[in-house]
**Student:** 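Dropping the structure in here first, questions after.
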2 protein chains.
Amino acid sequence: MPANDPLISDAARIARAISHPVRLQILNELRGDGAYVMHLTSVLGRPQANISQHLMVLREAGLVRAIREGMTVFYVVSDPDVLTVVDALLALAKKRAAQRELMAEAGMEEGRGGRRRHRGKCRCPRCRQQ
Amino acid sequence: MPANDPLISDAARIARAISHPVRLQILNELRGDGAYVMHLTSVLGRPQANISQHLMVLREAGLVRAIREGMTVFYVVSDPDVLTVVDALLALAKKRAAQRELMAEAGMEEGRGGRRRHRGKCRCPRCRQQ
DNA sequence: ACAATCTATTCAACTCTTGGAATAAGGTTA
DNA sequence: TAACCTTATTCCAAGAGTTGAATAGATTGT
């Protein structure tokens, strides 16, 4: 997996496009069968221009698609897997929130597992097998 | 789901932390049972300071944990679900790459599903039921 | 203590992102 | 055509992210 793997860069671009609260909420609103821009500005309570700007980011990242319907525009998520990413993020955030609540009651300890693997010419404790 | 839902903001923070090619690769390298910083700098072929900077971002986002082992430091992903997010991103990126290849051969058409839902006072075609 | 090794932090320059305001563009109705 | 509605785009200033260089910190060995 080279440093400039196109898969890695694209995955990073996707994450970057998702990494804004408003855009995350937009994607969440599009869940199911999409939504009109009007609806998004109304539900998210943000200025129309701002919503449109965020939609542009999502559009340019290929995460959503705009469908013109006369005067209004309907947006849909371009691939259901986009919502899989969103769901994974929300699930992790939810778990973290729950963990932080437990933290408010007690302390914790941690450990670690075993070792293995190797690779090019790396002298780290694992690779130092030359 | 309010505009400042802590779950949404945290999910966005997580996505933001992941949204850099180097950090995505770092998380990918930590897959399994973690890795030494040395190993990361060696495998990713980036200056030590840069790797350390990215590790700091991941650390402050709570995605990884540093474990000091004498002179070296071992990093682990703090929650397996972090890799679930990474996997979802990579899977989507992979699918997109495949789709782009097909695009190089033919054109495509699209349609849309039905309608429904409602909400506050939104006048979009779906909510216009007052 | 000193030198060597590995990792973290700070600094400065640069780039990218964000968001409000204003405006343009596309489409409908009178 | 004019007025109106919905959405997109441009401009710009403030803020955030990224990186190399240099430096600091921590640990081990001599």
Side-chain angles (χ1 to χ4, degrees), chain A residues 3-4 8-9 12-26 29-30 34-61 64-76 121-128, chain B residues 3-4 9 12-26 29-30 34-61 63-76 121-128:
Chain A
N4 51 351
I8 292 284
S9 346
R13 265 198 306 276
I14 295 168
R16 165 92 59 192
I18 296 181
S19 73
H20 188 287
V22 170
R23 295 196 290 268
L24 209 41
Q25 282 182 289
I26 287 177
E29 284 297 326
L30 298 188
Y36 290 92
V37 175
M38 256 181 119
H39 181 81
L40 295 174
T41 67
S42 169
V43 167
L44 301 193
R46 312 229 48 176
Q48 177 270 322
N50 189 249
I51 293 292
S52 194
Q53 287 164 342
H54 284 299
L55 282 171
M56 176 165 51
V57 173
L58 292 172
R59 225 186 310 129
E60 290 179 343
V64 304
R65 216 171 39 239
I67 299 169
R68 174 134 237 148
E69 285 191 2
M71 198 159 46
T72 70
V73 177
F74 191 79
Y75 273 85
V76 294
K121 53 197 70 171
C122 173
R123 295 176 307 159
C124 85
R126 272 192 188 165
C127 304
R128 198 172 1 94
Chain B
N4 51 352
S9 346
R13 265 199 306 278
I14 295 169
R16 165 93 57 193
I18 295 181
S19 72
H20 188 288
V22 171
R23 295 198 288 269
L24 210 40
Q25 281 183 290
I26 288 177
E29 283 297 326
L30 298 189
Y36 290 92
V37 175
M38 256 180 119
H39 181 81
L40 295 174
T41 68
S42 170
V43 168
L44 301 193
R46 312 229 49 179
Q48 176 270 320
N50 190 250
I51 293 292
S52 194
Q53 287 162 342
H54 284 298
L55 282 171
M56 176 164 52
V57 173
L58 291 172
R59 225 185 311 129
E60 290 179 343
L63 302 187
V64 303
R65 216 169 41 237
I67 300 170
R68 174 133 236 149
E69 285 191 2
M71 199 158 47
T72 70
V73 177
F74 191 80
Y75 272 85
V76 294
K121 52 198 70 171
C122 173
R123 294 176 307 160
C124 85
R126 271 191 189 166
C127 304
R128 199 173 1 96

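Below, chain A is the first sequence line, B the second, and so on; all start at residue 1.
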**Student:** Report the distance from atom CD1 of A:I26 to atom P of C:dT18, rounded to the nearest whole Å.
**Tutor:** 12 Å
**Student:** Rounding to an integer number of Å, can you tell me how far B:E69 CD sits from D:dT28 P?
**Tutor:** 11 Å
**Student:** With nearest nucleotide decided by heavy atoms, which residue, B:R68 or A:M38, maps closer to the 5′ end of DNA chain D?
**Tutor:** A:M38
**Student:** Nearest 0.5 Å please: distance from the OG1 atom of B:T41 over to the OH atom of B:Y36.
**Tutor:** 14.0 Å
**Student:** Walk me through whether B:S52 and B:Q48 qualify under side-chain contact (heavy atoms from CB on, under 4.5 Å).
**Tutor:** CA-CA 6 Å; B:S52 194; B:Q48 176 270 320; 3.7 Å; yes
**Student:** Rounded to the nearest 0.5 Å, how far apart are CD of B:E29 and OH of B:Y75?
**Tutor:** 15.5 Å
**Student:** Checking all strands, does A:M71 fall into the base, sugar-phosphate, or nothing category for heavy-atom contacts under 4.0 angstrom?
**Tutor:** base
**Student:** Just the rounded figure in Å: distance from P of C:dT18 to CD of A:E60.
**Tutor:** 12 Å
**Student:** Which whole-number value in Å describes the distance from A:L58 CG to D:dA8 C1'?
**Tutor:** 15 Å
**Student:** Can you tell me the distance, in whole Å, between the CG atom of A:L44 and the P atom of D:dT7?
**Tutor:** 13 Å
**Student:** How far does CZ of A:R126 sit from NE2 of B:H39, to the nearest 0.5 angstrom?
**Tutor:** 7.5 Å
**Student:** Taking all non-hydrogen atoms of both residues into account, name the closest pair between A:A61 and A:A17 and its distance.
**Tutor:** CB-CB, 3.5 Å
**Student:** Calculate the interatomic distance between A:L40 atom CG and D:dT7 atom P; express it in whole Å.
**Tutor:** 9 Å
**Student:** Mind calculating the distance between CD1 (A:I51) and P (C:dT18) to the nearest angstrom?
**Tutor:** 13 Å
**Student:** Among B:V57, B:L55, B:I51, which residue meets the side chain to side chain contact (heavy atoms under 4.5 Å, CB included) test with B:R23?
**Tutor:** B:V57
**Student:** Look at A:Y75 and D:dA8 and indicate whether a side-chain polar atom (N or O) is within less than 4.0 Å of OP1 or OP2.
**Tutor:** yes
**Student:** What string of B, S and - do you get for nucleotides 9-21 of chain D, 5' to 3', if B is base contact, S is sugar-phosphate-only contact and - is no contact with any protein heavy atom under 4.0 Å?
**Tutor:** BB-------SBBB
**Student:** Roughly how far, to the nearest 0.5 Å, is the CD1 atom of A:I8 from the CG atom of B:L24?
**Tutor:** 4.5 Å
**Student:** How many whole angstroms separate atom OH of B:Y36 from atom P of C:dT7?
**Tutor:** 10 Å
